[in-house]
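Indexing begins at 1, ligand by ligand and atom by atom, following the structure's order.
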Amino acid sequence: MVPVRHHGELLGALAVTKPGRESLSPTEEKLVSDVGAQAGLVLRNGRLTAELMARLEELKASRLRLVAAQDEERRRMERDLHDGAQQQLVALKIQLSLVEQLAEGGQPVAPMLAQLKQDTTDALETLRDLARGIYPPLLASEGLPTALAGHARRVSVPVEIVADGVGRYPKDLEAAVYFCCLEALQNVAKYARASSVTVNLRAEGRSLTFTVSDDGTGFDPASTPQGSGSQNMADRMEALDGTLEILSRPGGGTTVRGSVPCSVDDSRPLVDLAH
Ligand SMILES: Nc1ncnc2c1ncn2[C@@H]1O[C@H](COP(=O)(O)OP(=O)(O)O)[C@@H](O)[C@H]1O
Ligand SMILES: [Mg+2]
């Protein structure tokens, strides 16, 4: 009987029997132990392949969920555009035709023009709100800490932002971290009944880590069904080869912690020189 190991890890055993009660010669023993060593490699490779396949499946599933979420987002945008800015612009066009007719008839148009100016401002505001939801302009121009601080002002719980060594990163990385923090903050506002929440951003070596910690009610992750919010956060991190964990217990507050690899070369200066 020979143990089958790979780098010291016991993976199985190789049993060899000879007819009668004959024992193995030293050469045979050497042969069997060599085969055992080879078998270790084979078993290890088999396990690695299985692990790789499982990880691939997981990745495929998370990609699919991301695509579905993006489709849903597009539908929401289409609805917002259709019911919002598009309606406002159609109304503006009709009003403009009316003003045209009034002007042609030599009638006073100043009061109507004033109204049209206000309507145009409203339409612009609608479009701006929509654009902010798609890709926040502050994130593109100033980076994560400033964009999160800008958002924090609109959260009903006091938010403290601590950023340590955080620069500029590729757009999709910044967006992933930003929207994860937004979802975590939204959960705090919705569920935590917290008195404060801290967002911590930290660039260390080749990874960027964020935590969103509140001092609220907390929850039991084992018995609380995961919602689409947590799934989206996990998917966003996974898509960038990162990780996400949600630490919570009843009465002990909640911490969402995500980490993504980022190469140092990717960081751009905090102040975008193009601006
Ligand atoms: N900061 C928090 N404080 C307390 N409970 C939370 C917090 N974050 C999440 N939860 C709990 O986890 C559940 C799942 O959250 P999430 O995945 O974001 O789903 P949802 O889409 O319903 O917000 C919530 O319904 C809530 O019970
Ligand atoms: Mg949520």
Q: Compare all side-chain heavy atoms of Val2 with those of Val16 and state whether any distance is below 4.5 angstrom.
A: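 No - every pair of side-chain heavy atoms lies 4.5 Å or more apart.
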Q: Decide whether an N or O pair under 3.5 Å exists between Gly227 and ligand 1.
A: yes
Q: Does ligand 1 come near enough to Thr217 that some N or O of the ligand is less than 3.5 Å from an N or O of the residue?
A: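 No.
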Q: List every atom of ligand 1 that sits less than 4.0 Å from any heavy atom of Lys190, numbering the atoms from 1 in the order shown and giving each element.
A: 23 (O)
Q: May I ask you to identify the nearest protein heavy atom to atom 8 (N) of ligand 1, giving residue, atom name and distance to one decimal place in Å?
A: Asn187 CB, 3.4 Å
Q: One thing to verify: whether Glu125 and Arg128 come together as a salt bridge, which I'm taking to mean a side-chain N less than 4.0 angstrom from a carboxylate O.
A: yes
Q: Are Asp71 and Arg75 ion-paired here, with the side-chain N under 4.0 Å from a carboxylate O?
A: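 Salt bridge flag = no for Arg75 with Asp71.
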Q: Below 2.8 Å, can you find an N, O or S atom of Ser228 next to the Mg ion (ligand 2)?
A: no
Q: Which residue holds the protein heavy atom closest to atom 1 (N) of ligand 1, what is that atom called, and what is the gap in Å?
A: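 Answer for atom 1 (N) of ligand 1: Asp214 OD2, 2.9 Å.
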Q: Can you see which heavy atom on Leu240 is nearest to which on Leu173, and at what distance?
A: CD1-CA, 3.8 Å
Q: Please write down residue, atom name and distance for the protein heavy atom closest to atom 21 (O) of ligand 1.
A: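 Protein heavy atom with the smallest distance to atom 21 (O) of ligand 1: Gly229 N, 3.4 Å.
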Q: Based purely on interatomic distance, does Gln231 place a nitrogen or oxygen under 3.5 Å from a nitrogen or oxygen of ligand 1?
A: no
Q: Between Glu174 and Lys171, is there a salt bridge with N-O shorter than 4.0 Å?
A: no
Q: Does a side chain donor of either Ser195 or Asp215 reach within less than 3.5 Å of an acceptor in the other side chain?
A: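 Checked: Ser195/Asp215 side chains pair up, N/O donor to acceptor below 3.5 Å.
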Q: Which atom name would you report as the N, O or S atom of Glu183 nearest the Mg ion (ligand 2)?
A: OE2
Q: With a 4.0 Å cut-off, would you call Glu9 and Arg47 a salt bridge?
A: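 Here Glu9 pairs with Arg47 in a salt bridge, since their nearest N and O are under 4.0 Å apart.
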Q: What protein heavy atom lies closest to atom 7 (C) of ligand 1? Include the residue and the distance to one decimal.
A: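 Residue, atom and distance for the closest contact: Phe219 CE2, 3.8 Å.
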Q: Mind checking whether Asn187 and Val256 have side chains closer than 4.5 Å, heavy atoms only?
A: no
Q: Test of understanding: given a 4.0 Å heavy-atom threshold, classify the contact between Val256 and ligand 1 as side chain, backbone, both, or neither.
A: neither
Q: Looking at CZ of Arg257 and CG of Asn200, how far apart are the two atoms once the value is rounded to the nearest 0.5 Å?
A: 9.5 Å
Q: Which atom pairs, one a donor and one an acceptor, fall under 3.5 Å between side chains of residues 107-118 and the rest of the protein, sequence neighbours left out?
A:
{"unit_1": "Gln115", "atom_1": "NE2", "unit_2": "Asp119", "atom_2": "OD1", "d": "2.9"}
{"unit_1": "Gln118", "atom_1": "NE2", "unit_2": "Asp122", "atom_2": "OD1", "d": "3.0"}

Q: Test of understanding: given a 4.0 Å heavy-atom threshold, classify the contact between Gln186 and ligand 1 as side chain, backbone, both, or neither.
A: neither
Q: Atoms of ligand 1 less than 4.0 Å from Thr224 heavy atoms?
A: 12 (O), 13 (C), 27 (O)
Q: Which protein non-hydrogen atom lies closest to atom 20 (P) of ligand 1, naming both residue and atom, and how far is it?
A: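 Looking only at protein heavy atoms, the one closest to atom 20 (P) of ligand 1 is Tyr191 OH, 3.3 Å.
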Q: Look at atom 2 (C) of ligand 1 and say which protein heavy atom is nearest, naming residue and atom and giving the distance to 0.1 Å.
A: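 That would be Thr254 OG1, 3.6 Å.
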Q: Looking at non-hydrogen atoms alone, which of Gly253, Ala234, Ser230 comes nearest to atom 16 (P) of ligand 1?
A: Ser230
